[in-house]
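Only one structure is covered here, and it is reproduced in the block below.
Small disclaimer: the values here were computed from a predicted structure and weren't measured.
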Amino acid sequence: MKLSRRKLFELALGATQLGLMARFGLSTASAAPVPGRPTKLLGIWLDGGLHWESFFSPLSRAGVTRFIPPAQGGVIPVGYLPGQVENFDRSPVDLDAPGPVRKLRGPIYWNWADPADARGANPLANNQQLFRPWGYAWADPTYKLYEKAALLVGADQNTAAHASGIVASMCGVAGASFRAPAVQAVIANAMARHFPDRPIPNVSLGGELPNALGLPALANPTVLRSASSVEPTLSDKRGSAWNGLRARNDIPDVGFDGSALPGTVPATAVDAALMKALRAERGVSTSGTDAMIEQLYDTYKGASRTIRRDILSVLATTPTWEKLKADARYPVDWTACIGYADACGTGLSMGSYDFALQLLKSDLVTSVNLRATSFNNNSFDTHSANGVQMHTNHLRIALEMVGRMCIEMSLTPSKTDPARSLLDETLVYVYSDFGRTFPKQGSDHHPATCALLVGGGIQGNQMLGGYDETMNGSPMGTPVTLVEEDGSRVSRAPRSQDVAATVMRAFGLEPGRDFFIPGGYGVFDGVVKG
C-alpha cells in the first residue's frame, strides 16, 4: 500500500503509533547517527506562552512602529524603537531588507561597552529606559552563541489553548492528547540502538510528558526531579526494598515473542520470573493487550540494565556548572532583578538546569525535557494589567539563563567525541505553548509562535520567517521556504508540524522510516546542516 500523507493522517485519527508501525513495517529505531549531527536533545519548555517579539525582532522598521510600543519603562523597560534593533553579531542591520531570512537580531537593552551596567540610561531608547544586562549572553562576542542559534518565526500552532499548544510544540499536532509521538520520544527511540549505554533515554524534568505513543518502552519518559529522585526508582540502594534481591545474573535476551535477541539482560530472580510470566500471556487476549504487556516486558528489561549501571554513582561524580564559572561575568549563583530590587531571584530558581547538565554530561540520557520559567518560578501564564511589561522583563531573564546553559555546554567536551562539544552533539529546542498578542494588543493567547534551535546540526545566526505586517491586530506568520515531505520546495506560512519535523530532521531522521506527523509537514529550508 502506498504510504501517502492522507493515509497516514486517516490512520492517525483511529490507530495508535504501534498499530501503524506494525501495518506498514515502519522501523522503530533504524536511523544511524549522521556525522556532524546531534545525538542528544535538550528540550526547554518556557511555561505559558511568550512575547517572542520582545527579544527577537524580525519586524521591519514600519512593523516595529506599528506593533511595538515606543521605548518606555525606565528601570523596567518595555517597548523599543526601530533604532534599538541590532544584529547580535554587530554587523549593519537593515530593517527594510526583503526576504524571510535575516540574521539573529533584537532590541538592545544592554550597554555594549559595559554589559553589567544596570543604572545607565540607554541612548538608543532616547534615555527612556535604563540598561538591562539580561539577554547579553546571546550576543557576547566572547562566545558568539548567536552563531549556533536559529529562530523559526511565525509558526501557526492551530490553537491558542495552553494544553493543546504544548502538545503541538512537542509532536507537531495540536490537540488535547498526542496523535503522534513527541519529538523527544522519537529521538530517544532512534538513538537507542546506537547508544545502548544510555540507560534512561527519555527524561522529563517537569511539565507535560513527552509521550511515546506506542513506540517501544525505552522511549517512554522517565520522570525525575533531581538527582535524589533517582534513588528510590532507578537504583537498588534502598535496603528496605532490596535486601536479598540485589543479585543479578546475565541471562539471554529474549524478545516478547520468544525470539532470541543478541546480548544479555542483567536480571534478578524476580525480573527473570516476571519476564517469563509476561511472555506466557502473549496471545491470551487481544492485540491491544499484547501491546500493553510488551511495553511492560520491555520496561522490566530496561530497568534491569539501568539499575545495573549504578547511575547514582555516575551522577555523583558528574559536575554541573564547571566551565562558565571561570568567567567572572557569569557566576553560578547569579541573581536577576526586575527594577533595582523590586523583585529578585536566582538563576537556579528558574528550573532544574543543573540537573539537566548532569544528565547530559554523564552520557546517561539521549533526551532531556525541562520545564523552565523566570526566577522564583514566575511562569509566563499571566494576564495581569502590566502583563506586557512583566513578560518582556521576565523573558529577557529566562533567556539569559538559557543562554548561559548553552554556553556551558559549548565549553564542555563531548564524552563520545572529544573533537566536539556537548552543545555540538546536542540540539537545544526552546519552545512554549504559543505566542502572545503583540504588545499594543495586550498579552493574550495568540497562535503564531516561534521556536529557538541551538547547537548540533544547525545553521546558526539566522531568523527564518516573519509576521504579516499588513494585518490589523496581532499578525500571523508570513511565508517561508519549506522542503515538503515529497522533496519539493514551497513558500507558505509555517505550522507547528514544520517545527517538529525540522527538529527531527536535524538528527538525520527520515519521514516514513523514523517518524510521521499527521497532516503532513515541511522542513524549514536552510536550518539543518547538510
Side-chain angles (χ1 to χ4, degrees), residues 16-19 21-22 27-29 181-182 184-185 188-193 195-204 209-225 227-315 359 364-367:
T16 65
Q17 171 85 348
L18 184 65
M21 288 183 170
S27 170
T28 57
Q184 293 87 345
N189 178 59
M191 295 293 113
R193 175 182 301 178
F195 299 95
D197 289 337
R198 295 177 183 173
I200 37 179
N202 186 6
V203 176
S204 173
L209 293 179
N211 197 313
L213 195 66
L215 288 173
L218 62 87
N220 287 324
T222 299
V223 180
L224 298 174
R225 301 297 178 191
S228 62
S229 68
V230 173
E231 186 268 337
T233 55
L234 296 177
S235 80
D236 58 6
K237 300 297 185 185
R238 186 166 293 191
S240 60
W242 285 92
N243 283 340
L245 299 174
R246 291 187 178 90
R248 294 183 180 275
N249 295 307
D250 289 324
I251 63 174
D253 193 359
V254 178
F256 180 62
D257 61 359
S259 60
L261 298 174
T264 59
V265 177
T268 66
V270 173
D271 292 336
L274 282 169
M275 287 189 289
K276 182 179 180 180
L278 288 170
R279 287 197 302 272
E281 294 298 315
R282 181 174 179 267
V284 173
S285 185
T286 65
S287 60
T289 299
D290 280 354
M292 181 187 70
I293 296 174
E294 184 174 7
Q295 289 266 331
L296 184 60
Y297 181 79
D298 289 339
T299 297
Y300 271 112
K301 288 201 294 186
S304 296
R305 293 187 174 104
T306 299
I307 293 171
R308 162 71 72 84
R309 179 75 183 274
D310 189 13
I311 62 177
L312 272 180
S313 297
V314 175
L315 288 173
L359 290 168
L364 293 170
V365 302
T366 288
S367 173

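- Residues D257 and R282 meet the side-chain proximity criterion, which asks for heavy atoms closer than 4.5 Å.
- To the nearest 0.5 Å, atoms OG (S259) and CG (D253) are separated by 9.0 Å.
- Atom CG of D290 is separated from atom CG of L278 by 11.0 Å, given to the nearest 0.5 angstrom.
- Within the structure, ring pair (Phe, Tyr, Trp, His ring centres under 6.0 Å) pairs that include any residue of residues 267-299 comprise F256-Y297 (at least two apart or interchain).
- The CG atom of N220 sits 8.0 Å away from the CG atom of L215 when rounded to the nearest 0.5 Å.
- Considering every non-hydrogen atom in both P199 and I311, the closest pair reads CG-CG2, 3.8 Å.
- The two residues D298 and A217 have their closest heavy-atom pair at CB-CB, 3.5 Å.
- No side-chain donor-acceptor contact under 3.5 Å links Q184 to the backbone of A219.
- Across every non-hydrogen atom of A192 and L218, the tightest pair is CB-CD1, 3.5 Å.
- Interatomic distance, OG of S287 versus CD of E294, reported as 11.5 Å (0.5 Å rounding).
- Listed by chain and number, the residues in a side-chain hydrogen bond (donor to acceptor under 3.5 Å, both in side chains) with S313 are D310 (sequence neighbours excluded).
- Residues N202 and A188 come closest through the heavy atom pair CB-CB, 3.9 Å.
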Per-pair distances, 0.1 Å, donor-acceptor, side chain in residues 267-276, under 3.5 Å, sequence neighbours excluded:
unit_1: T268; atom_1: OG1; unit_2: V270; atom_2: N; d: 3.4
unit_1: T268; atom_1: OG1; unit_2: D271; atom_2: N; d: 3.0
unit_1: T268; atom_1: OG1; unit_2: D271; atom_2: OD2; d: 3.2
unit_1: D271; atom_1: OD2; unit_2: R248; atom_2: NH1; d: 3.2
unit_1: D271; atom_1: OD2; unit_2: T268; atom_2: N; d: 3.3
unit_1: D271; atom_1: OD2; unit_2: S304; atom_2: OG; d: 2.9

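- The two atoms that bring A185 and N211 nearest to each other are CB-O, 3.7 Å, heavy atoms only.
- Paired with V203 under the rule side chain to side chain contact (heavy atoms under 4.5 Å, CB included), one option of V223, V365, T366 passes, and it is V365.
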